Amino acid sequence: MGSKFFKVAAVILLVLFSLFSFSPQTEAANSKYVTKGATTSKVIALTFDDGSDGTNINKILQILSTNKVKATFFLTGSGAKNHPQPIKNITAQGHQIANHSYSHPDFTKLTAAQMKAELDKTEATIKGITGKSTKPLFRAPFGASNAKVLAAVGNAGYTHTIQWNIDTLDWKGVSSTAITNKVVNNVVPGTIVLMHTGAGASGTPGALQGMITKLKAKGYTFVTVSQLLKLPASTPPAGGTKYTVKAGDTLYSIAKKYNTTVAAIAAANKIPSPYVIRVGQVLTIPGKASPPPAAVIKYTVKAGDTLYSIARKYNTTVAKIAAANKIPSPYVIRIGQVLTIPR
């Protein structure tokens, strides 16, 4: 009787161990809700939400470039699809990009599957345009968020949901002076400012120069949201490739994907049990890391363009553009021709 009891108990314990070992694979930590940086340093993050038209992107980029300021752009997939070149310009100038959904719905009214679809479609669209990921930052459309949203967003690999502590209300068409004063008069260390890129925010481009000048005079420096939150850089170290665990992954499937072994991945990441990994966990894949492919910039020739003006726009040379596109004469380009801009 005693022997039978111990056998049954052993089976139960084995089942429980299996359940607890594998359950973390289907859950990730909730996305962290952030309204400002927790710092006493005079740093500020300018952020811009991009919707369907992106009318003012290039104007905004020009002012940021002139002042050597880096910002964070929260991009919608539908907007990026409508105006891909300005989106390329954002990343080409070294600004941070993040996910703002595909079609700008209220996430509190969506199922977890619908939220994931919105995020994944945007990530695929932006990666296709820029070669860069929108992770790990998300901003909810309309700022609408709750516990269900934070859980679904975290499970999709977005570790931080970014709100703001200064809303310029620029989308209402308020004046440049009102936007500047709203920011300058309310800034505190760690401030996150919300602005927009669309035509409705007509005062934003005109507000930026005065805003930046006055904030610098107050001793503030400008950072991206990831810099503000001191998040790790997205570029993997030379020692290995980075991989973010997705639902359904096992160490075996990841090892097979990267032509390595379970033991090697477990050792590189100090994983005590090869059966316990969690969705959203970032693993270092041992071995020689391949450099990420460079983002390819494409430019469509417009009326009045010359190779010299295009080269100057992208800080390259006529000879390099001509060579990259096999142009026999640098004086002969045609309207509508799509050029590859060498990096």
Side-chain angles (χ1 to χ4, degrees), residues 33-37 39 41-76 79-80 82-83 86-87 89-91 93-101 104 137-145 160-229:
Y33 186 86
V34 177
T35 56
K36 65 181 288 292
T39 180
S41 299
K42 284 190 169 183
V43 290
I44 181 172
L46 302 182
T47 71
F48 300 88
D49 288 2
D50 181 52
S52 59
D53 61 80
T55 299
N56 293 319
I57 291 177
N58 287 335
K59 292 179 182 177
I60 290 168
L61 290 177
Q62 180 59 56
I63 298 164
L64 294 176
S65 176
T66 298
N67 291 275
K68 296 181 171 58
V69 167
K70 298 302 180 189
T72 303
F73 289 78
F74 290 84
L75 309 177
T76 60
N82 287 339
H83 46 269
I87 300 302
N89 295 344
I90 290 171
T91 57
Q93 293 190 21
H95 299 287
Q96 182 173 18
I97 56 173
N99 200 316
H100 193 39
S101 82
H104 207 269
L137 304 181
F138 165 70
R139 173 170 282 162
F142 314 106
S145 186
H160 292 72
T161 293
I162 308 302
Q163 296 291 103
W164 53 85
N165 63 299
I166 296 181
D167 185 352
T168 62
L169 298 175
D170 59 347
W171 57 272
K172 291 185 175 182
V174 297
S175 70
S176 297
T177 300
I179 293 169
T180 299
N181 291 340
K182 181 76 174 285
V183 176
V184 174
N185 294 340
N186 293 280
V187 67
V188 294
T191 282
I192 298 174
V193 181
L194 170 63
M195 292 176 279
H196 295 79
T197 65
S202 55
T204 296
L208 275 179
Q209 183 60 63
M211 182 193 303
I212 292 169
T213 299
K214 290 179 179 181
L215 288 170
K216 284 183 176 180
K218 282 192 166 196
Y220 278 86
T221 57
F222 298 86
V223 294
T224 66
V225 171
S226 280
Q227 290 171 334
L228 178 66
L229 303 181

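Bear in mind that the values here come from a model prediction, so they are computed numbers and not experimental data.
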Query - Asp53/His83 under side chain to side chain contact (heavy atoms under 4.5 Å, CB included): CA gap, chis, key distance, verdict - result: CA-CA 7 Å; Asp53 61 80; His83 46 269; 5.6 Å; no
Roughly how far, to the nearest 0.5 Å, is the [atom2] atom of [Y] from the [atom1] atom of [X]?
| X | Y | atom1 | atom2 | value |
| --- | --- | --- | --- | --- |
| Asp50 | Leu75 | CG | CG | 5.5 Å |
| Leu61 | Leu208 | CG | CG | 10.0 Å |
| Ile166 | Lys182 | CD1 | NZ | 8.0 Å |
| Lys36 | Ile44 | NZ | CD1 | 11.0 Å |
| Asn89 | Ser65 | CG | OG | 11.0 Å |

Return the minimal non-hydrogen interatomic distance between [X] and [Y], and the atom names on each side.
| X | Y | answer |
| --- | --- | --- |
| Thr224 | Ala71 | CG2-O, 4.0 Å |
| Ser101 | Pro141 | OG-CG, 3.4 Å |
| Met211 | Leu46 | SD-CD2, 4.2 Å |
| Lys59 | Pro205 | CB-CB, 4.2 Å |
| Gly203 | Ser176 | O-OG, 2.7 Å |
| Ser52 | Asn82 | O-ND2, 3.5 Å |

Query raised in the report: Between Thr35 and Asn165, does any side-chain donor sit less than 3.5 Å from a side-chain acceptor?
Result: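 No, Asn165 and Thr35 have no side-chain donor paired with an acceptor closer than 3.5 Å.
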Taking side-chain contact (heavy atoms from CB on, under 4.5 Å) as the definition, give me every residue that meets it alongside [X], ordered by chain and number, with sequence neighbours left out.
| X | value |
| --- | --- |
| Thr221 | Val43 |
| Ala201 | Asp170, His196, Thr204 |
| Asp167 | Trp164, Leu169, Leu194 |

Under 3.5 Å, is there a donor-acceptor pair between the side chain of [X] and the main chain of [Y]?
| X | Y | result |
| --- | --- | --- |
| Asn56 | Gly198 | yes |
| Lys70 | Leu64 | no |
| Thr39 | Gly190 | no |
| Gln96 | Ser226 | yes |
| Thr191 | Val188 | yes |

Requested in this report: Please check if atom NZ in Lys214 has more than 12 non-hydrogen atoms from other residues, nucleotides or ligands closer than 6.0 Å.
Outcome: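 Not buried by this count: 12 neighbours or fewer within 6.0 Å.
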**Report entry** Non-neighbouring partners of Thr66 that pass side chain to side chain donor-acceptor pair (under 3.5 Å), sequence neighbours left out
**Finding:**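 Listed in chain order: Gln62.
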Requested in this report: Name all residues meeting the side chain to side chain donor-acceptor pair (under 3.5 Å) criterion together with His160; count only those two or more places apart in sequence or in a different chain, and write none if there are none.
Outcome: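 Applying side chain to side chain donor-acceptor pair (under 3.5 Å) to His160 gives none.
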Query raised in the report: Step by step, would you call Ile192 with Gln163 a side chain to side chain contact (heavy atoms under 4.5 Å, CB included)?
Result: CA-CA 8 Å; Ile192 298 174; Gln163 296 291 103; over 6 Å; no
**Report entry** Partner of Arg139 by side chain to side chain donor-acceptor pair (under 3.5 Å), out of Thr72, Thr161, Thr47, Asn99
**Finding:**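 Only one option passes, and that is Thr47.
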Any side-chain heavy-atom pair of [X] and [Y] under 4.5 Å:
| X | Y | result |
| --- | --- | --- |
| Ile63 | Val69 | no |
| Val187 | Leu215 | yes |
| Phe222 | Lys216 | yes |

Query raised in the report: By ring pair (Phe, Tyr, Trp, His ring centres under 6.0 Å), which residues pair with Phe73, not counting sequence neighbours?
Result: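 Here the qualifying residues are Phe48, His95.
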